[in-house]
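Structure, as structure tokens:
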Amino acid sequence: MVLVDDGAMILRLGGGLEFLCQLDVSDASQRQLEVSRSFADLRSRVKAESLVFSLTDSALFIWPNKSFQASLDDVDESTACGELLQSEDDDGGGKKKKKDKKSPVVNLRFMMEITEPTEPSAPCLYRENKKHHCIRMVLPMDCVVTVRSDETFGSSCKRLLRALSTQLSEMEAVTLRHMKDTDVPVPRPFHFSLPTSTELVTIVYPASVDDKGLESFRKELHNRFELPDDRPYFRRSNAFHFPDEPYKDGYLRNPHNHLNHPNIEGAKPYLVQGVYSYHHYMQDRMDDNGWGCAYRSLQTICSWFRQQGYMERTVPTHKEIQQALVDVGDKPAAFVGSRQWIGSIEVQAVLSHLLGVTSKILFVSQGSELPSQGRELANHFLTEGTPVMIGGGVLAHTILGVAWSETSGQIRFLILDPHYTGGEDLQTITDKGWCGWKGPEFWDQNAYYNLCLPQRPKAI
Amino acid sequence: MGRTYVADDTVQKYLSSLHTAGGVCITGLLIGQLSLQRDYVLLSTKTPHRDSDGPGEGHSSSGLLDDADLEWATEHAKQVSQMLPGGMSVLGVFLIVPPELSKEAPSTLRRLVFAIEKHISKGRLWDLTEEDITERVTLQICSKTKKALCRSFDIKDPKSSAKPADWKYQPVSSSSWPLVTCTVALDLQISLPLKSLDDICIKEGLRSWANRIKAAVCLINGKLVADESELVPGQKKNPKMGKQKFQVQVLLQTLEDMGSSAVTQCCRSFISIRGAVHCRAYLQPNKPRAKHAVEAIRKDLMNTVSCRVNMLMEDLLMNEFNDQGVMTGVQPLPHRVFVALPASDFRLCDYVFPDESIADVAERLHEMLDSRVTEESIDSSLEPTHAKTPMSSRTADPIQHSRASKQHIEAPKDIKKSNMQQYYTGDFYIPLLIYIYIYIYIYINRTVVI
């Protein structure tokens, strides 16, 4: 996702701060005060001279609270942030990382210096023999500021320090709000990219409370940021994905982003909104070559719902899909474990049963009539923006968008093909057209087709 | 290929000054620095006399090291190793034997060197790694011919046999040895769960602090230096160059993610260790690398903290038998002082409890290292000091003072204990009032709403 204009960068500061608190065993009323006191102590620690920022993969260390002492001679307060991108590359090994041209991210970690104390005192051991509850957790600090590449490093660090302090206060509020007796959830920050804001918005959620329990909080946030209340923006899975972080599951995301739009006069592109993963034959060590295409298309659709925040559970496997159909009474029990095909109606049933998602079914009696559904499809991508499953002529595919001209009726279909059996190689997938723009001749002109158009649930 | 041990001329002088009477052996320690190419022996000291209850004086007259002698020697080695700064360690042992007992000497030396290594490494917060040199030297000297036989053992391998090694004397100029220093602020928090043992918890707490130190980033003179790069690049051996000094900064890495819930434990007690300690290490002059400096300072830091905490714990444990209840409140940790031995630039160290004096340090140095130092040469300024307990109450009771010193020499295990006994009888009330005041002060601050 592209943030601001060119010349903008993200400075991200992370690290784990140890939170230690002694709670009274008997007096419950003092507990909140104790927790607040521990947070206040942490806030003063991040203001101390011993706080150090380190630029990952480099020899640069900064003391932001100590008149900007730096470990490299050519870096000082007035250094432009853009120059830091070069510092990151120079780690002696000469390993040049290809920087994302859109909103590059500079990662910093904070550390604590334990040498050169400002007020050294004689070493002592202090002991208190009082029964207490000892609460210990590591606060996963994660602060983000968006800076222009010509902004000075000094002022960006000041902003990061303020962000660190603010985040501690927000964590304190979340902890006090959600702690039960001595059960303390870890407050975890998430960053969100909103249409109504140019900067990333950081919200702290308690780790032990799931998305459902945080609904009322999200309502407040939607109000605060003037966002429509029919689609989610603040679920955990809506969190901003930083360009330099690889996806842990190994699936490709939005391979269509690497394609050029077809050049048709008067045609506008209407594309899927948001992020989906490419699911296809032979993945997950499942040999479904020849029969699993509709299943894979359904998985792609589920991955869309998961990453837009509508679904917390993982993308269902073939067996889970089959079991869902048995559970709704659509198929006999023997269906599970078989290699039987499914169609759009089954896809609609599974989406309804596992995700609570309703879908529209479009029927086309002949493949040659698909172009006439141009307006319908364009409308779908405009309003719902979900991937479409199409089945017919013994094949199933996923439609990710259309390029459609209202005047001439000319149309191209953006197809994601689940019949691909190779590895997650973006180059091959785009070059060979496994994800690509196809004309109306792509469809079997005589076969009938059913399309499943999933509808976005109205929820936050 | 055997190891080469380069011993300073002062070591030669010392060893030849030791005389044995009759069939008595003399054991002692060899102290210096291990390095990849060669090992430097900078200092040697004989095992102090032990006033045994039985007949005979000092070491057993039969010449063999019995178990009591062995225990005595290993305890001496441990005490001495605590007096060494970073980079220096007990490299091995020497044994001066009369010719008639020279047959048993090798096996005695072997027993001694393994036992010493085992005892020294107890309670240490770091373990020997692949990078460390595990060879230790044994020097057998015939009391009549003064001939020396040098062998080394690999203490990592309990079955290792003696390997021949080279021993030569050479003046070792201490001024060309780079010095690495830093002052570290301690901040350890240790919680003692309900059904737990004090010393196990404290050990655990020290271990997890030590793990953070091992993972910490160390800057040398303000910069991050690659492990293998030389500290002083392109240096020609120029004795006129002033002593190379390096300042280390230790940066703790942040902690790893812990999961979705805080860990809650019901605890009975809470210990906090705070204050500044001074760390010091010497590096051998032949192309020292950044990683040596960092390792030496890390080890010195871990040693000085574990040593002081253990000393205090032993001390408090002994007092718990005299006094009812477990001590609470503020306990000062021993203070580190540094002193250069005569004819050397290397500074050794010692630990002083608040009620002890510089004279006590001088006494201990004489006993442990067989060396006379003046009180003026003892530098106690490198670390911030505690408020000293008034001296008047001590001098008022000179008999107790000298008795304490005498007990001090008798049994190394009770070195601190005897002084502490006096501490509680003589100076009990003033520190108690201070502790009560501090406890009230902290208690009041805890209940104030911020």
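What you see is a predicted model, and the numbers here were worked out from it, not measured in a lab. In what follows, chains carry the letters A, B, and so on, assigned in the order in which the sequence lines appear, proteins first and then strands, with residues in each chain numbered from 1.
In this structure, the portions of Phe110(A) lying under 4.5 Å from any heavy atom of chain B include both its backbone and its side chain. Only the side chain of Leu192(B) comes within contact range of chain A, with at least one heavy atom under 4.5 Å from a heavy atom of that chain. The contact between Gln247(B) and chain A is made entirely by side chain atoms (from C-beta outward), counting heavy-atom distances below 4.5 Å. Val184(A) touches chain B through backbone and side chain together, each having a heavy atom under 4.5 Å away. Using a 4.5 Å cut-off between heavy atoms, Arg336(B) makes no contact with chain A at all.
The greatest number of non-hydrogen atom pairs below 4.5 Å with chain B, out of Glu119(A), Met179(A), Met141(A), Met112(A), is found for Met112(A). Heavy-atom pairs under 4.5 Å with chain A peak, among Thr264(B), Val277(B), Ile273(B), at Thr264(B). Per-residue heavy-atom pair counts under 4.5 Å with chain B were compared for Gly16(A), Cys124(A), Pro185(A), and the maximum is reached by Cys124(A). Chain B forms the most heavy-atom pairs under 4.5 Å with one residue out of Val138(A), Leu125(A), Val186(A), and that residue is Leu125(A). Among Gln69(A), Glu18(A), Lys131(A), the residue making the largest number of heavy-atom pairs under 4.5 Å with chain B is Lys131(A). Highest contact tally toward chain B, considering only Cys134(A), Pro120(A), Pro117(A), is held by Cys134(A) [criterion: heavy-atom pairs under 4.5 Å]. In terms of heavy-atom pairs under 4.5 Å with chain B, the best-connected choice from Pro187(A), Ala207(A), Ala122(A), Pro206(A) is Ala122(A). Contact tally against chain A (heavy-atom pairs below 4.5 Å) for Ser261(B), Cys267(B), Ala185(B), Cys266(B): the top residue is Cys267(B). Chosen from Gly275(B), Pro334(B), Cys279(B), the residue pairing most often with chain A at heavy-atom distances under 4.5 Å is Gly275(B).
What you find for Ser269(B) and His132(A) is that their closest heavy atoms are O-CE1, 3.5 Å.
The structure places CD of Gln249(B) at 4.5 Å from CD of Glu116(A), a figure rounded to the nearest 0.5 Å. Here the CG-CG distance, from Leu255(B) to Leu17(A), works out to 8.0 Å after rounding to the nearest 0.5 Å. Remark: Leu20(A) CG to Ser272(B) OG distance equals 9.5 Å, nearest 0.5 Å.
Inter-residue side-chain proximity for Val217(B) and Phe61(A) is flagged as met; some heavy-atom pair is nearer than 4.5 Å. Counting heavy atoms from C-beta on, the side chains of Asp257(B) and Arg188(A) come closer than 4.5 Å.
Using a 4.5 Å cut-off between non-hydrogen atoms, the part of residues 218-227 of chain B that approaches chain A consists of Leu219(B), Gly222(B), Lys223(B), Leu224(B). Chain B is approached within less than 4.5 Å, heavy atom to heavy atom, by no residue from residues 167-176 of chain A.
In this structure, Glu204(B) has no side-chain contact (heavy atoms from CB on, under 4.5 Å) partners at least two apart in sequence or on a different chain. For the side-chain contact (heavy atoms from CB on, under 4.5 Å) test, residues two or more places apart in sequence or in another chain that qualify with Arg109(A) are Ser54(A), Thr56(A), Thr254(B).
Judged by distance alone, the side chain of Thr115(A) and the main-chain N or O of Val250(B) form a donor-acceptor pair under 3.5 Å.
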